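Predicted model only: the values in this text are computed from it and were never measured.
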Amino acid sequence: MTALTLSTSSAATLRADAVVVGVAKGPKGPVVALGAEAVDAAFDGKLATVLETLGATGAEGEVTKLPSPAGWKAPVVLAVGLGEAPDEDGGYGTEALRRAAGAAARALAGSKKGAFALPVQDADDAAAVAEGALLGAYAFTAHRGGDDKKKAGGAPLAEVALLGAKPRDKAFKAAAERATVVAEEVNRARDLINTAPNVLDPKAFAAEAQAAAKEYGLKVEVLDEKALKKGGYGGILGVGQGSEAPPRLVRIAYTHAKAEKTLALVGKGITYDSGGISLKPAGHNETMKCDMSGAAAVFATVVAAARLGLRVNVTGWLALAENMPSGSATRPGDVLTMYSGKTVEVLNTDAEGRLVLADALTRASEEEPDAIIDVATLTGAMVLALGNRTFGIMANDDAFRAAIHHLAEEAGEPSWPMPLPADLRKGMDSPVADIANMGERMGGGLVAGLFLKEFIGEGITWAHLDIAGPAFNESGPFGYTPKGGTGSAVRTLVRLAEHTAAGDLG
Ligand code: BES
Ligand code: MN
Ligand code: ZN
């Protein structure tokens, strides 16, 4: 795990492998950002010219390395692009800072220590740089042996030293602590997502929750296949029954003695989605270990809330199952009796997420939380609608949907509000059961949302985040986002918990 320190040292005397400075796109070429004064002075005020000579433009994510001035402790200056030049007060957006810090941390993989001299004007800026650097420094090496751990892109940057932050200032200290917790928990989610599906089955995932619960003093309960049968969880059992690895429902709860509100978070935890009997074609199943990203985000958020000591109760529900085809698998045409008592005709076994979520949503509703938020890699339709970087937000409450959209934006997670058009419900009418698990093809993401809505308890505020696009990055890394599992939605959910604790929401 990458360590974070706040430092008052000067860039010239700090022992590090590289000093990171910011460079932005100016009207007439690259401009050096605030924070780089000492470096610029050592280059006789010509750092921008030197960078331009080397081809730097200041474009977002661009990395330019040059040798340090003679006599400096750090041998390399790394200039990272911040994008468009700032407003008059020299401030960059927090997301621009996060991304630049992330790109720099990625470029420093294999190094021990990076001294970040990016434009930090207040504690929020420091938090953004810290978060971006710690997220960008992520590497997944769990499945690699010995020396190969280093070969594959290098071990992550071991230490991030933030220059320009005030180590004794309360606000800066708090910002650094929060950034560390948030980044570590996003990285926890990434690790779970990236773990191979033969290793992380429902039982192994539940064991991770139990271990973390012990470490952080959380209450945890695991329903195994026997308990699920006894409890009548027909949705979770129906999806899991084709697999040799039986399903689990995990309840992991953080409580605060003075909490006034309780949030219930429900995560889709399909540890592998083959599609079941409605098997996915080759080309659509290689990345389906990511289908537990919702459960990973929920789990990580509960732990983050505990580590931050937030004054709010957060209950996580992890609906864990493996969706496999076999002689014992659910068939298209089967009818399942759900935990709620509703019956569902399974028309397509690949629409399994809504089945496991339905049971967990009904169960979560029984505890009458102030709000339920579910997170799921639910539909390919949402990816078609919003692309690979933006998640969709649906809700039974317009103000709540808008609030989550706003918090996601603050957290630096692209999202967009989506409707739940009532006319799409009739497409799920079944001739034999209360509802079918599939409806019209058009608007498939919204159809899935309408299905989930049927399982929310009367009068409970609910939102659904379909993270099928951003959960797993199949292209190259960018900013602080690595290839593979991204930890999508963790930062939004942590922010939601913080704002709920502060009494900002309903
Ligand atoms: N896990 C998939 C959705 C998905 C697609 C996640 C792409 C990540 C990337 C989900 O279980 C699924 O298969 N959904 C079907 C539903 C359909 C059969 C109604 C889909 O979207 O095609
Ligand atoms: Mn599926
Ligand atoms: Zn799925």
Give me the atom names and distance for the closest heavy-atom approach of [X] to [Y].
| X | Y | value |
| --- | --- | --- |
| Ala364 | Val266 | CB-CG2, 4.0 Å |
| Leu378 | Ala448 | CD2-CB, 3.5 Å |
| Asn187 | Leu134 | ND2-O, 3.5 Å |
| Ala376 | Leu357 | CB-CD1, 3.7 Å |
| Pro369 | Ser365 | CD-O, 4.1 Å |

Check: [X] side chain, [Y] main-chain N or O, donor-acceptor pair, under 3.5 Å:
| X | Y | value |
| --- | --- | --- |
| Asp273 | Met288 | no |
| Asn323 | Thr349 | yes |
| Arg188 | Ala304 | no |
| Glu62 | Thr57 | yes |
| Asp17 | Gly114 | no |
| Thr315 | Ala264 | no |
| Arg248 | Leu320 | no |

**Item:** Trace of the side-chain hydrogen bond (donor to acceptor under 3.5 Å, both in side chains) decision for Asn473 with Thr486
**Value:** CA-CA 7 Å; Asn473 176 24; Thr486 63; over 6 Å; no

Looking at side-chain heavy atoms only, is the closest gap between [X] and [Y] below 4.5 Å?
| X | Y | value |
| --- | --- | --- |
| Val250 | Phe299 | no |
| Leu162 | Val129 | yes |
| Leu446 | Pro421 | yes |
| Val356 | Glu352 | no |
| Tyr216 | Arg307 | yes |
| His143 | Val199 | yes |
| Asn285 | Tyr272 | yes |
| Glu208 | Thr195 | no |

Got a sec: does the [atom1] of [X] have more than 12 other heavy atoms crowding it under 6.0 Å?
| X | atom1 | result |
| --- | --- | --- |
| Lys280 | NZ | yes |
| Glu440 | CD | yes |
| Glu410 | CD | yes |

Sidechain N-carboxylate O distance under 4.0 Å for [X], [Y]:
| X | Y | result |
| --- | --- | --- |
| Lys173 | Glu177 | no |
| Asp291 | Lys268 | yes |
| Arg251 | Glu367 | yes |
| Glu60 | Lys25 | no |

**Message:** Applying side chain to side chain contact (heavy atoms under 4.5 Å, CB included), can you list everything that pairs with Pro417, at least two apart in sequence or on another chain?
**Reply:**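 Side chain to side chain contact (heavy atoms under 4.5 Å, CB included) check on Pro417 returns Arg401, His405.
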
Does a donor on one side chain sit under 3.5 Å from an acceptor on the other, for [X] and [Y]?
| X | Y | result |
| --- | --- | --- |
| Glu95 | Tyr480 | yes |
| Tyr138 | Asp191 | yes |
| Thr379 | Asp466 | yes |

State the [atom1]-[atom2] distance between [X] and [Y], to the nearest 0.5 angstrom.
| X | Y | atom1 | atom2 | value |
| --- | --- | --- | --- | --- |
| Arg190 | Thr481 | CZ | OG1 | 6.5 Å |
| Ile456 | Thr362 | CD1 | OG1 | 7.5 Å |
| Leu263 | Asn313 | CG | CG | 8.5 Å |

**Prompt:** Aromatic rings His464 and Trp462: how do their planes relate, parallel, tilted or perpendicular, breaks at 30° and 60°?
**Reply:**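 Rings of His464 and Trp462: parallel, under 30°.
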
**Prompt:** Which pairs pass side chain to side chain donor-acceptor pair (under 3.5 Å) with one or both residues in residues 442-456, sequence neighbours excluded?
**Reply:**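 Sorted pair list: Arg425-Glu454.
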
**Message:** Under the rule for side-chain hydrogen bond (donor to acceptor under 3.5 Å, both in side chains), what residues qualify as partners of Lys113, not counting sequence neighbours?
**Reply:**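 Listed in chain order: nothing, the list is empty.
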
**Request:** Sort out for me which residue in Arg99, Arg98, Arg495 forms a salt bridge (Lys or Arg N to Asp or Glu O under 4.0 Å) with Glu131.
**Result:**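 Result: among Arg99, Arg98, Arg495, Arg98 is the only option passing the salt bridge (Lys or Arg N to Asp or Glu O under 4.0 Å) with Glu131.
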
**Request:** Quickly, which of Leu218, Leu493, Thr500, Leu265 forms a side chain to side chain contact (heavy atoms under 4.5 Å, CB included) with Val314? Name it, please.
**Result:**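 Single side chain to side chain contact (heavy atoms under 4.5 Å, CB included) partner of Val314 among Leu218, Leu493, Thr500, Leu265: Leu265.
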
